[in-house]
Amino acid sequence: RHGREGIAIGTGTGRHHCNFVPRFANMMGTPNWCGPGTAQCFFPRVNTMHMTYGGMAWSDYRGERMPSVLLFWGHNPLYSSPDGEVGFLVRDALRTRPKIIVVDPRRNQLAEHADVFLQLRPGTDDALALAMLNVIIADQSYDKAFIDRWTHGFDRLADRVQGCTPEWAEPITWVPAEKIRAAARLWVDAQPGGLEWGCAIEHTPNTIQTVRAISLLPALTGQIDRPGGWCLGMRALAPFPFLPEVLPEEQKAKRLGATEFRVLGGAGSLVPSAHIPAVFKSMREGTPYRTAGFLVFGNNSLSTYADARLVKESLAKLDFMMVADLFMTPTCELADVVLPVAAWPELEQIVAMPYFGEDVVLAQQPGERVGQCRADEDIMTDLARRLGLPHSEESPRDVFNQQLAPLGITYEELARNGPMQIPMRYDKFHERGFETPTGKIELYSTRLEELGYDPLPYYEEPPESPVSTPEIAREFPYVLTTGARLPMYFHSEGRQIPKLRKGRPEPQVEIHPDTAARHGIAQDDWVRIASPRGSILQRALLTSKILPGVIHCQHGWWFPERKGTEYGIWESNANLLTSQAPPYDPAMGTYQLRGLLCRIEKSQAPDIAAQTDARSETAPAQ
Ligand SMILES: Nc1nc2c(c(=O)[nH]1)N[C@H]1C(S)=C(S)[C@@H](COP(=O)(O)OP(=O)(O)OC[C@H]3O[C@@H](n4cnc5c(=O)[nH]c(N)nc54)[C@H](O)[C@@H]3O)O[C@H]1N2
Ligand SMILES: Nc1nc2c(c(=O)[nH]1)N[C@H]1C(S)=C(S)[C@@H](COP(=O)(O)OP(=O)(O)OC[C@H]3O[C@@H](n4cnc5c(=O)[nH]c(N)nc54)[C@H](O)[C@@H]3O)O[C@H]1N2
Ligand SMILES: [Mo]
């Protein structure tokens with residue numbers, strides 16, 4: 001009734017089936033697949049790197065030598081282990097005692113060992129990166145031969161960052177100018193170096209330019225695709241068959257938000273997706289057309305999208321909602337149909353690391369499967385077959401074999417033979433250049449220019465901050481960051497597992513002891529954290545590891561043990577403090593999850609008994 005575009009396909013992050021979701025959307029004929037990570041996680045790095053370097057680059061931990069310096073930027077792979085540079089490789093690298101630079105508002109365990117620790121105000125990473133570029137260019141310590149031969153637009157970059165001195169950046173970032181200089185010089189002097197960056201730089205409305213600025217630091221030292229440097233992957237697999245070619249042009253043109261955010265949903269994107277706020281608006285308001293159905297494969301929407309109340313209001317307007325998940329979540333409770341899925345050890349898949357690099361490939365094989373659960377890939381395949389969609393004759397196994405074709409091996413053979421490690425080759429760009437329009441590393445991005453965006457990185461103050469909104473800051477004086485990862489939980493997943501829950505039974509907010517004292521807050525007190533949008537309760541964790549002007553609260557909290565259908569999702573959920581409203585990153589459509597404003601006060605404990613009684617009548621049969 002509402003056209004194919006009236007069905008949105010949702011997903012979460014980092015699970016086996018994530019690539020199958022945009023593939024399924026293309027087969028369905030809907031341009032609108034989305035997830036809380038498409039504009040906020042990894043895709044900004046992937047798309048930026050393809051425009052700048054022609055592919056993803058990774059620190060060289062498996063080659064001829066380890067890096068001599070590691071730059072950890074808003075990233076703690078020892079806990080988070082994401083996107084392919086898995087934590088144990090980082091641990092191996094750390095054992096060889098490289099120099100360490102850490103950029104983080106919190107002194108995390110990497111920062112404890114750092115040679116230079118840049119403790120910055122959340123959301124100002126762009127200014128800091130520009131200042132480091134400024135130092136290297138002013139010092140003339142860059143690799144001139146490499147720059148001349150293999151990069152495009154150096155002079156224009158030099159012009160752009162000329163005024164971005166460490167003294168300029170100090171009041172913006174709260175990092176002393178001398179430390180910025182020291183970091184830039186250590187980065188150059190200790191080469192070869194690896195860059196490790198995380199999603200903190202993708203949680204602001206200046207995401208693309210922040211990622212761009214940081215990505216240029218390795219280019220200036222020329223240790224690209226060299227032993228111990230920042231290396232392009234071996235790309236052992238054929239590109240995943242997302243099937244963009246089966247989505248008709250007139251359907252592509254209907255992708256929500258794609259005309260405006262062309263690095264998210266248009267020509268600048270490797271895997272184009274819809275703009276989240278536009279999808280929810282289409283559910284709520286029916287503009288520019290109505291999204292009436294939502295098929296969700298593994299996402300707790302009420303937890304991980306910004307502005308959880310608006311998300312609920314939007315989902316309530318749907319005609320039909322399906323959620324496939326491992327657990328009954330608050331989001332599943334809103335669905336018409338819930339499909340129980342198989343967990344990763346219950347199914348077969350290809351694991352290739354690092355993502356978009358593929359130096360190691362293995363066949364993950366299922367153990368036992370419990371109950372009636374099915375793999376997401378099988379659910380999508382069966383739906384496609386019932387609907388007679390294009391390519392539905394291909395099984396997940398067929399897709400794996402297509403991916404493995406360049407290796408001359410089938411899934412069965414790979415499963416039998418064990419993991420394949422593709423030996424590292426260096427200087428791969430000497431053969432064909434970099435896969436960018438100029439064949440060089442584009443310090444000046446001709447792709448961004450062509451798409452109508454600034455081809456050079458710039459600083460932009462976060463839209464809600466002590467600087468840009470001093471009137472809000474009078475009432476909400478602290479800078480808020482959310483969601484630094486915990487080892488025992490994956491986002492909102494895992495709180496029903498007692499062994500994991502024991503490690504962090506309750507949500508915690510990190511506050512500097514001096515700040516806490518000012519509000520009469522003691523360790524383990526309940527604290528009300530309020531932003532201009534709402535407030536939540538978490539318990540105080542007093543720590544001098546966080547800047548006194550910064551508050552960090554955990555994300556992903558709900559309480560599976562509570563009766564009733566909402567499981568306390570409105571109590572401690574960080575995304576009651578965030579917003580889906582503009583401004584967004586002009587290219588990627590990213591909204592703000594870190595670097596907002598908040599205030600804190602001591603609170604009573606939450607009244608759980610009252611909640612339970614009020615809702616127990618509507619409790620589902622478990
Ligand atoms: N155990 C576990 N592992 C996970 C996840 C999980 O939930 N649990 N999630 C997965 C996913 S999807 C992702 S994206 C990755 C994320 O993992 P990472 O990229 O490592 O990111 P985070 O752990 O979110 O944050 C890393 C650091 O960023 C800092 N930070 C906060 N705000 C800012 C800021 O404004 N600027 C800078 N420079 N730093 C800031 C935090 O203090 C923290 O120390 O982890 C993945 N792995
Ligand atoms: N405030 C704030 N919000 C954030 C972040 C933050 O740092 N701060 N981080 C953002 C980032 S980087 C990301 S990537 C997103 C992550 O957001 P999501 O990936 O949506 O995270 P979850 O809420 O854990 O939702 C995933 C759901 O998938 C289920 N699941 C697990 N495995 C499978 C499976 O194999 N199949 C299916 N069908 N379901 C499965 C889990 O039980 C869980 O309910 O959150 C974003 N939201
Ligand atoms: Mo993420």
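Quick caveat: nothing in here was measured; it's all calculated off a predicted structure. Side chains are part of it too, since the values below use all heavy atoms of this structure and drop only hydrogens, waters and symmetry mates.
Look at R262 and E450 and you find no salt bridge, because none of the NZ, NE, NH1 or NH2 atoms lies under 4.0 Å from a carboxylate O. Ionic pairing of R495 and E506 is not present here: no N-O contact between side-chain nitrogen and carboxylate oxygen is shorter than 4.0 angstrom. Under 4.0 Å is where a charged nitrogen must lie from a carboxylate oxygen, and between D525 and K602 at least one such pair does. A salt bridge does not link D307 to R533: none of the charged side-chain nitrogens sits closer than 4.0 Å to a carboxylate oxygen. Under a 4.0 Å N-O distance rule, the pair R181/E167 qualifies as a salt bridge. Look at E442 and R212 and you find no salt bridge, because none of the NZ, NE, NH1 or NH2 atoms lies under 4.0 Å from a carboxylate O.
For residues 578-603, the pairs satisfying ring-ring contact (aromatic ring centres under 6.0 Å, His included) are F261-Y584, H275-Y584, with sequence neighbours left out. Evaluation of the ring-ring contact (aromatic ring centres under 6.0 Å, His included) test over residues 105-136, restricted to residues two or more places apart or in two chains, returns none. Sorted by first and then second residue, the ring-ring contact (aromatic ring centres under 6.0 Å, His included) pairs with a member in residues 465-489 read Y478-H519, Y489-W557; sequence neighbours excluded.
Legend: residues meeting side-chain contact (heavy atoms from CB on, under 4.5 Å) with A316, ordered by chain and number and at least two apart, are absent. Every residue two or more places apart in sequence or in another chain that forms a salt bridge (Lys or Arg N to Asp or Glu O under 4.0 Å) with E202 is listed here: R45. Every residue two or more places apart in sequence or in another chain that forms a side-chain hydrogen bond (donor to acceptor under 3.5 Å, both in side chains) with R594 is listed here: H203. Residues meeting the ring-ring contact (aromatic ring centres under 6.0 Å, His included) test with W168, sequence neighbours left out: Y459. In this view, E510 and R106 satisfy the salt bridge (Lys or Arg N to Asp or Glu O under 4.0 Å) rule, not counting sequence neighbours. Residues meeting the salt bridge (Lys or Arg N to Asp or Glu O under 4.0 Å) test with R485, sequence neighbours left out: none. Residues meeting the side-chain hydrogen bond (donor to acceptor under 3.5 Å, both in side chains) test with S445, sequence neighbours left out: none. For S579, there are no side-chain hydrogen bond (donor to acceptor under 3.5 Å, both in side chains) partners at least two apart in sequence or on another chain. Applying the side-chain hydrogen bond (donor to acceptor under 3.5 Å, both in side chains) rule to D454 yields the partners R160; only residues at least two apart in sequence or on another chain are considered.
F42 and W58 have tilted rings, their planes meeting at an angle from 30° to 60° on a 0 to 90° scale.
Checked against the 6.0 Å centroid threshold, F280 and Y305 count as a close aromatic pair. The aromatic ring centres of Y53 and W230 sit less than 6.0 Å apart.
Under a 3.5 Å cut-off, the side chain of S314 and the backbone N or O of R284 do not form any donor-acceptor pair.
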